[in-house]
Amino acid sequence: MATAGKVIKCKAAVCWGPKQPLSIEEIEVAPPKAHEVRIKIVATGVCRSDDHVISGALSEVKFPVILGHEAAGIVESVGEGVTNLKPGDKVIPLFVPQCGKCRCCVNPHSNLCYKNDIGKYNGLLLDNTSRFTCKGKSIHNFISTSTFTEYTVVDDIAVAKIHKDAPLDKVCLIGCGFSTGYGSAVNTAKVKPGSTCAVFGLGGVGLSVIIGCKVAGASRIIGVDLNSDKFAKAKELGATECINPKDFNRPIHEVLAEMTDDGVDYAFEVIGNTGVMTSALSSSHFGCGKTVIVGLAPSSATMTFDPLLILTGRVLTGAVFGGWKSKDDVPKLVSDYLDKKFEFDGLITHKLPFEKINEGFELLRNGESIRTVLSF
Ligand code: COD
Ligand code: ZN
Ligand code: ZN
């Protein structure tokens, strides 16, 4: 490409600080260094973690920063030593990288590579610098990705090559929301055919858990949400019943126990609320129930529960990015999508041009959208 090796000037949404709208700016994106890849982002989703930074809830993130972590794009150029990618390849950036060498990467049961930037939020590439500048200031990276920009640079362990026929405005959801929910059901819980599931929280990720439970052959999938407006979409995607805790004057785990002969086989917390995590655990069967925590609770929150709950055999676990080993599994998920093993187009409720990114966040905050996909 004519731009290879040169600084690219392009449009990006810069987050200058918490509690203010993102600002569309012209930025400079430096060429990729060794083992880095510069990507032209084609489509990017508006996701919860980005909003947590904007609202100030993820206060550890360094500013200014370019947010965005759920996206798909095309390789523009590669740095030295990158052998498995070339300009023109379709790719998905990975907010959980896969170095292939660390203790987690070599363990088949873990997917949380040591090179991830979640929780630490250094906001830099692996060489401890950033490729973004705006108005003479260096701009931080976000969880190894930064996709709210026409061009980004990522480390080569944080990008997966995908099938050439993949529709980028759809498969961008495989970069976060869809895979997180779907994998929680099929990898982390390993939902069995004929089983009973309860999904707490019917946002984009909770709905993706429902898709996973259905693909795995669950016979009952019970959606739980304080907002009954979420029920229609949940049923469309596979929920067999939906309940609103507000409609009962007793704890929701008692209601679920009655509905399911003493408790569900699998319970999923897809909100990030420690009270709901305990409810989910209590809703699972005392002898054989498994509870998966998907939501991220506020950093100061703690969870307390009677240990008898797990002494009798309940299992409590969790996963980031649905337990997928990102670089290995994202290309397979894209192929499975192309082969129609599952469908998630119904999660995309809104499409907006990139410039309307703040509108996309408004739609997420007021519960109007499941997913808004932004295109450049
Ligand atoms: N009881 C029942 N339902 C509730 C309650 C409650 N107490 N509180 C809120 N809800 C409902 C809301 O009405 C809403 O429908 C739903 O719960 C939450 O939906 P969203 O749209 O806020 O969330 P999602 O599905 O987009 O994301 C949920 C996550 C839990 C994944 C997310 O918020 C999170 O914690 N992310 C961090 C963890 C992670 O894996 N991140 C990956 C990058 S995003
Ligand atoms: Zn996300
Ligand atoms: Zn690793």
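The figures that follow rest on heavy atoms only: side chains count, while hydrogens, waters and symmetry mates do not. It should be emphasised that the depicted structure is a prediction, and the values quoted were computed from it without experimental measurement. Indexing begins at 1, ligand by ligand and atom by atom, following the structure's order.
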query = With a cut-off of 4.0 Å, which atoms of ligand 1 are near a heavy atom of Gly295?
reply = 30 (C), 35 (O)
request  = Test Ile74 against every option in Asp89, Ile41, Leu168 by the side chain to side chain contact (heavy atoms under 4.5 Å, CB included) rule and name the one that passes.
outcome  = Leu168
message = Just to be sure I read this right, does ligand 1 sit under 4.0 Å from the backbone of Cys47, its side chain, both, or neither, counting only heavy atoms?
response = side chain
task = Have a look at Ile243, Asp229, Asp225 and point out the one with the heavy atom closest to atom 11 (C) of ligand 1.
result = Asp225
key: Phe95 contact mode with ligand 1 (heavy-atom cut-off under 4.0 Å)   = side chain
ask   = So, for Tyr114 and Lys120, which heavy atoms are closest and what is the spacing to 0.1 Å?
value = O-NZ, 3.7 Å
query = Are any of the N or O atoms of His69 closer than 3.5 Å to those of ligand 1?
reply = no
inquiry  = Return the closest protein heavy atom for atom 37 (C) of ligand 1 as residue, atom name and distance.
reply    = Leu296 CB, 3.3 Å
key: Pairwise distance CD1(Ile143) to CZ(Phe95) - rounded to 0.5 angstrom   = 5.5 Å
note = Atoms of ligand 1 under 4.0 Å from any heavy atom of Gly201, numbered from 1 in the order shown, are 16 (C), 17 (O)
ask   = More than 12 non-hydrogen atoms from neighbouring residues, nucleotides or ligands closer than 6.0 Å to NZ on Lys62, yes or no?
value = yes
Degrees at the Zn ion (ligand 3) between the SG atom of Cys102 and the SG atom of Cys105, nearest 10° = 100°
task = Verify the cluster assignment for Ile210 and Val270: are they in a single hydrophobic cluster under the rule of side-chain heavy atoms below 4.5 Å apart?
result = yes
note = of all protein heavy atoms, closest to atom 44 (S) of ligand 1 is Ser49 OG, 2.8 Å
Donor-acceptor pair, side chain of Lys327 and main chain of Asp156, under 3.5 angstrom = yes
Lys/Arg N to Asp/Glu carboxylate O, Glu258 vs Arg250, below 4.0 Å = yes
message = Membership question, hydrophobic clusters at under 4.5 Å side-chain separation (ILVMFWY): are Val276 and Ile221 in the same one?
response = no
key: Phe178 ring center near Phe342 ring center (under 6.0 Å)   = yes
query = atom 19 (O) of ligand 1: which protein heavy atom is closest, and how many Å away?
reply = Gly203 CA, 3.4 Å
task = Quick one: look at Cys176 and ligand 1, take heavy-atom pairs under 4.0 Å, and tell me if it's side chain, backbone, both or neither.
result = side chain
key: Whether Cys104 has an N, O or S atom under 2.8 Å from the Zn ion (ligand 3)   = no
key: atom 6 (C) of ligand 1 - nearest protein heavy atom and its distance   = Leu226 CD1, 3.4 Å
inquiry  = Rounded to the nearest 0.5 Å, what separates atom CD1 in Ile24 from atom CD in Glu355?
reply    = 6.0 Å
request  = If you have a sec, work out which protein heavy atom is nearest atom 26 (O) of ligand 1 and how many Å separate them, to one decimal?
outcome  = Arg48 CG, 3.7 Å
request  = Nearest 0.5 Å please: distance from the CG atom of Leu173 over to the CZ atom of Arg371.
outcome  = 5.5 Å
message = I'd like to check which ligand 1 atoms, numbered from 1 as shown, lie under 4.0 Å from a non-hydrogen atom of Lys230.
response = 15 (O)
Nearest-contact summary for atom 39 (C) of ligand 1 - protein heavy atom, Å = Val294 O, 4.3 Å
ask   = Is the closest heavy atom of Ile271 to ligand 1 under 4.0 Å?
value = yes
ask   = In terms of residue, atom name and distance, what is the protein heavy atom nearest to atom 25 (O) of ligand 1?
value = Val205 N, 2.9 Å
request  = Looking only at protein heavy atoms, identify the closest one to atom 29 (C) of ligand 1 and say how far it is in Å.
outcome  = Val270 O, 4.3 Å
Contacting atoms of ligand 1, where contact means under 4.0 angstrom from a heavy atom of Asn227 = 13 (O)
message = Ignoring hydrogens and geometry beyond distance, is a side-chain donor-acceptor pair present between His285 and Asp262 at under 3.5 Å?
response = no
